[in-house]
Amino acid sequence: MRSAPIVVHQPSPTGGRRVTAYGHILGLAHDDHDLIEFLRRAGLPDSETLIDDPRWVEWRGGRAHIWDAA
């Protein structure tokens, strides 16, 4: 199985999660709005729905939509 092109990495100790697309860093998101904006700027339409589609987004090292380190 191929991994999703967008990866939301584990929460950092200081908060936020690094977001990559095809291995390129898009930025450090602190909430869903940041993630949606990164995807929109990357040219992905309907980014609001993509964030919950496992074919597009893989959430690593923590639950989806959780932005702070435990």
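The chain is numbered in sequence order, starting from 1.
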S.K.: Quick one: side chain to side chain contact (heavy atoms under 4.5 Å, CB included) partners of Arg41, sequence neighbours excluded?
M.R.: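 Partners of Arg41 under the side chain to side chain contact (heavy atoms under 4.5 Å, CB included) test: Glu37.
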S.K.: Any heavy-atom pair between the side chains of Asp68 and Pro11 that's under 4.5 Å?
M.R.: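 No, every pair of side-chain atoms sits at 4.5 Å or beyond.
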S.K.: Taking all heavy atoms of Arg63 and all of Arg17, pick out the closest pair and write down the distance.
M.R.: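 For Arg63 versus Arg17, the nearest heavy atoms are O-NH1, 2.9 Å.
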S.K.: Given Leu39, which partner from the list Asp46, Leu44, Asp34 fulfils the side-chain contact (heavy atoms from CB on, under 4.5 Å) test?
M.R.: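 So the option named by the test is Leu44.
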S.K.: Checking Glu58 now: which residues fulfil salt bridge (Lys or Arg N to Asp or Glu O under 4.0 Å) with it, not counting sequence neighbours?
M.R.: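 Here the qualifying residues are Arg60.
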S.K.: Can you give me the closest heavy-atom contact between Gly15 and Leu28, atom names plus distance?
M.R.: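 For Gly15 and Leu28, the tightest heavy-atom pair comes out as O-CD2, 4.1 Å.
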S.K.: Take Asp31 and His65, measure what side-chain hydrogen bond (donor to acceptor under 3.5 Å, both in side chains) needs, and give me the verdict at the end.
M.R.: CA-CA 7 Å; Asp31 55 31; His65 311 286; over 6 Å; no
S.K.: Does Leu35 share a hydrophobic cluster with Tyr22, counting links as ILVMFWY side-chain heavy atoms below 4.5 Å and allowing steps through other members?
M.R.: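 Looking at the clustering, Tyr22 is in the same group as Leu35.
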S.K.: Is a side-chain N or O of Trp59 found less than 3.5 angstrom from the main chain of Ile66, in a donor-acceptor match?
M.R.: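 Not a single qualifying donor-acceptor pair exists.
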S.K.: Group every Ile, Leu, Val, Met, Phe, Trp and Tyr by side-chain heavy-atom contacts under 4.5 Å, then state whether Phe38 and Ile36 land in the same group.
M.R.: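 Same cluster.
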S.K.: Using ring-ring contact (aromatic ring centres under 6.0 Å, His included) as the criterion, list what pairs up with Trp56, not counting sequence neighbours.
M.R.: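 If we apply the ring-ring contact (aromatic ring centres under 6.0 Å, His included) test to Trp56, skipping adjacent residues, there are no hits.
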S.K.: If you look at every heavy atom in Pro54 and Ala4, which pair is closest and at what distance?
M.R.: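 Here Pro54 and Ala4 meet closest at O-CB, 3.6 Å.
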S.K.: Verify the distance criterion only: is there a donor paired with an acceptor across the side chains of Asp32 and Trp67 at less than 3.5 Å?
M.R.: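 There is such a pair (donor and acceptor under 3.5 Å, judged by atom type) between the side chains of Asp32 and Trp67.
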S.K.: Residues in ring-ring contact (aromatic ring centres under 6.0 Å, His included) with His30, at least two apart?
M.R.: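 His30 satisfies ring-ring contact (aromatic ring centres under 6.0 Å, His included) with no residue once adjacent residues are dropped.
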S.K.: Could you list the residues that satisfy side chain to side chain contact (heavy atoms under 4.5 Å, CB included) with Thr20, not counting sequence neighbours?
M.R.: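 If we apply the side chain to side chain contact (heavy atoms under 4.5 Å, CB included) test to Thr20, skipping adjacent residues, the hits are Val7, His9, Arg18, Ile25.
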S.K.: Using the test salt bridge (Lys or Arg N to Asp or Glu O under 4.0 Å), find all partners of Asp53 that sit at least two apart in sequence or belong to another chain.
M.R.: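 Once residues adjacent in sequence are excluded, the partners of Asp53 under the salt bridge (Lys or Arg N to Asp or Glu O under 4.0 Å) criterion are Arg55.
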